[in-house]
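Each remark here refers to the structure printed beneath this line.
Since the model is a prediction, treat every value here as computed from it, not as a measurement.
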Amino acid sequence: MNIQWVCNDCGRSYDPKDLLWRCCCGGLLNVESFPISFPLKKIQSREASLWRYSEALPFQNTSFIKDITMGEGFTPIVPLDRDAPHLLVKLDFMMPTLSFKDRGAAVLIAKAKELGVTRVIADSSGNAGTAIAAYGGRLGITCDIYVPEQTSPKKIQQIHAYGATVHTIPGDREETAKAAVQAVEQQHIFYASHVYNPFFYQGTKTYVYELWEQLKGDLPDTLVLPVGNGTLLLGVYYGCQDLMEAGLISKFPRLIGVQAERCAPLATAYRLGKARTVTIAQQQTLAEGIAIANPPRHRQILAAVRETNGMFVTASEQKIKQAHLALAERGFYVEPTAAATYAGYLQYQKHFKHNQLNSNENERVVIPLCGAGLKAG
Ligand SMILES: *Cc1c(COP(=O)(O)O)cnc(C)c1O
Ligand SMILES: [Zn+2]
């Protein structure tokens, strides 16, 4: 299947082999829609990994799956507390490289392989680079990964161990992205960016397919999701669109985006009623994985949250620390970024109580726990 990319702004289409990372008009690229299906009997007979939804993934020939898969996906979903059965956590930290980024990376790298790519460049604050490096290494694709200088040493070690070349860039996350883009353009290399490359979202959308199956053909009322660049949130939104088109759901869950109070461009734009982000002051936060001051897909993220009648909440440093411990007490040792999501959920609850909104006692909520605790620090 020779799937094209389409510009989000002007509608121009491109062949992914052209090695462009954005439209000539500057617009973001999306995957053009392609026919998908959910043959449930077949799906249920397959292994518990994200590849069980192969008819909904952008590949024609699926014989290569055995070469790439490490069993990623189909992560457990369990109640956080025994006495609160409506609050579920989905354990995406139980992935081969210990974060949800494996969803996007496995699909993106498989697609790169299918396109005949032998070398990729990616930049990340840590986990996306780790995942790209692991799958790239597995398929013999050479990876150059750009990370900000202050990235957790453990994440850098992990990227290095997979055989990738690590480029540590002084300055913030944006400087890192700039350095990566420069290398992509100068050397004309496939940009395996989890932010810009739209194939990444073809992987993250499986999060919601799994939820649908695990909840016996239903989705929760509400999903509370961490948002930095929005790769999980947008993937979830696309996944819901797919399930809706296939007639498997009749309404979207409400999408609640969580940002760190110290770096909250989307939450700020949401609060101000804006369709795009404004410049914000950014401070260091424990939640390094969502500390993105200028998320390129800001308009898409804000539109998705509004369309689902969702909202944004923020988590303070203190609440993130408390949430980290509260999760650990229950047996879940996650990285601070993942704890921020739980802190955001508690903030969301408070918002309802505070505004005396008719909070639905039986509201079923799912929270992803996206990254493992041992990755931080
Ligand atoms: C990447 C990441 C996030 C944020 O995802 P975005 O795609 O940037 O919104 C949250 N938590 C963890 C553990 C991550 O690795
Ligand atoms: Zn364009």
If you apply the rule side-chain hydrogen bond (donor to acceptor under 3.5 Å, both in side chains), what do you find for S152 with E288, and how did you get there?
CA-CA 9 Å; S152 300; E288 60 173 13; 3.0 Å; yes
Audit row: V365, H86, side chain to side chain contact (heavy atoms under 4.5 Å, CB included) steps and yes/no
CA-CA 6 Å; V365 182; H86 295 293; over 6 Å; no
Pair N229, T231 - check side-chain hydrogen bond (donor to acceptor under 3.5 Å, both in side chains), show working.
CA-CA 6 Å; N229 276 307; T231 69; over 6 Å; no
Could you walk me through whether K90 and E210 pass salt bridge (Lys or Arg N to Asp or Glu O under 4.0 Å), step by step?
CA-CA 10 Å; K90 186 161 164 60; E210 290 174 17; 2.8 Å; yes
Worked check of side chain to side chain contact (heavy atoms under 4.5 Å, CB included) between L29 and C7
CA-CA 5 Å; L29 299 171; C7 174; 4.3 Å; yes
Intermediate values then yes/no, side chain to side chain contact (heavy atoms under 4.5 Å, CB included), I292 and C263
CA-CA 7 Å; I292 308 292; C263 184; 5.5 Å; no
For a side-chain hydrogen bond (donor to acceptor under 3.5 Å, both in side chains) check, start with the C-alpha distance between Y237 and E307, then their side-chain angles and the critical distance, and finish with the verdict.
CA-CA 10 Å; Y237 179 76; E307 196 188 310; 2.5 Å; yes
Side chain to side chain contact (heavy atoms under 4.5 Å, CB included) evaluation trace for Y342 with V89
CA-CA 9 Å; Y342 181 51; V89 285; over 6 Å; no
Begin from the C-alpha positions of D172 and Q282 and carry the test side-chain hydrogen bond (donor to acceptor under 3.5 Å, both in side chains) through to its verdict.
CA-CA 10 Å; D172 59 12; Q282 177 190 10; over 6 Å; no
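Although no hydrogens or angles enter the test, the distance criterion places no donor-acceptor pair under 3.5 Å between the side chain of T151 and the main chain of G126. In this structure, N197 contributes its side chain and F199 its backbone to a donor-acceptor pair below 3.5 Å. A donor-acceptor pair under 3.5 Å links the side-chain atoms of T268 to the main chain of A264, judged by distance alone. In this structure, R138 contributes its side chain and I68 its backbone to a donor-acceptor pair below 3.5 Å. With E317 contributing its side chain and E261 its backbone, the two residues share no donor-acceptor pair below 3.5 Å. A donor-acceptor pair under 3.5 Å is absent between the side-chain atoms of E363 and the main chain of T222, judged by distance alone. Looking at H324, its side chain does come within 3.5 Å of a backbone N or O of V334 through a donor-acceptor pair. No donor-acceptor pair under 3.5 Å is formed between the side chain of T308 and the backbone N or O of F252. Between the side chain of K319 and the main chain of T314, no donor-acceptor pair closer than 3.5 Å is present. Remark: side-chain polar atoms of D18 are not paired, donor with acceptor, to backbone N or O of L20 under 3.5 angstrom.
Heavy-atom contacts from other residues, nucleotides or ligands closer than 6.0 Å to CZ of R299 number 12 or fewer. Residue E47 qualifies as open at atom CD: its count of foreign heavy atoms under 6.0 Å is 12 or below. Under a cut-off of 6.0 angstrom, the local environment of CE in M94 is sparse, with at most 12 non-hydrogen atoms contributed by other residues, nucleotides or ligands. Around the CD atom of E55, the shell of radius 6.0 Å holds more than 12 heavy atoms that belong to other residues, nucleotides or ligands.
Remark: the S13 side chain and the Q4 side chain contain no N/O donor-acceptor pair separated by less than 3.5 Å.
Ring centroids of Y201 and H194 are separated by 6.0 Å or more, keeping the two rings apart. Taking the centre of each ring, Y162 and Y135 stay at or above the 6.0 Å mark.
Atoms OG1 and CD1, from T118 and I141 in turn, are 8.0 Å apart once rounded to the nearest 0.5 Å. Put simply, CZ on R173 and OH on Y146 are 13.0 Å apart, with the number rounded to the nearest 0.5 Å.
A salt bridge links R119 and D144; the closest N-O separation between the charged side-chain nitrogens and carboxylate oxygens is under 4.0 Å. Contact check on R52 versus E213 returns a salt bridge, with a Lys/Arg side-chain nitrogen under 4.0 Å from an Asp/Glu carboxylate oxygen. Electrostatic pairing of R22 and D9 does not count as a salt bridge here, judged by no charged N lying under 4.0 Å from a carboxylate O.
T204 and G235 make their closest contact through OG1-CA, 3.3 Å (heavy atoms, listed as atom of the first residue, atom of the second, distance). The two atoms that bring L19 and H188 nearest to each other are CD1-O, 3.4 Å, heavy atoms only. Residues I132 and A192 approach most closely at CD1-O, 3.7 Å, considering heavy atoms.
With contacts defined as side-chain heavy-atom distances shorter than 4.5 Å, the pair T341/P368 qualifies. Counting heavy atoms from C-beta on, the side chains of L57 and T206 come closer than 4.5 Å. L28 is listed as a side-chain neighbour of Y196, based on a closest heavy-atom distance under 4.5 Å.
Applying side-chain contact (heavy atoms from CB on, under 4.5 Å) to V305 and the options L233, L225, V227 leaves one that passes, L233. Shown are Y53, F74, Y238; of these, the ring pair (Phe, Tyr, Trp, His ring centres under 6.0 Å) with Y209 is made only by Y53.
Residues L234 and V6 are members of separate hydrophobic clusters, defined by side-chain heavy-atom contacts under 4.5 angstrom among Ile, Leu, Val, Met, Phe, Trp and Tyr.
Relative ring orientation between W5 and F190 is described as tilted, the plane-to-plane angle lying within the 30° to 60° band. Ring-plane geometry between Y348 and Y345 is classed as tilted, the angle between the planes lying from 30 to 60 degrees on a 0 to 90 degree scale. Ring geometry for F59 against W51 counts as tilted: the plane angle lies between 30° and 60°, on a 0 to 90° scale.
Geometric assessment of R103 against the ring of Y207 yields a negative cation-pi assignment under the 6.0 Å and 45° thresholds.
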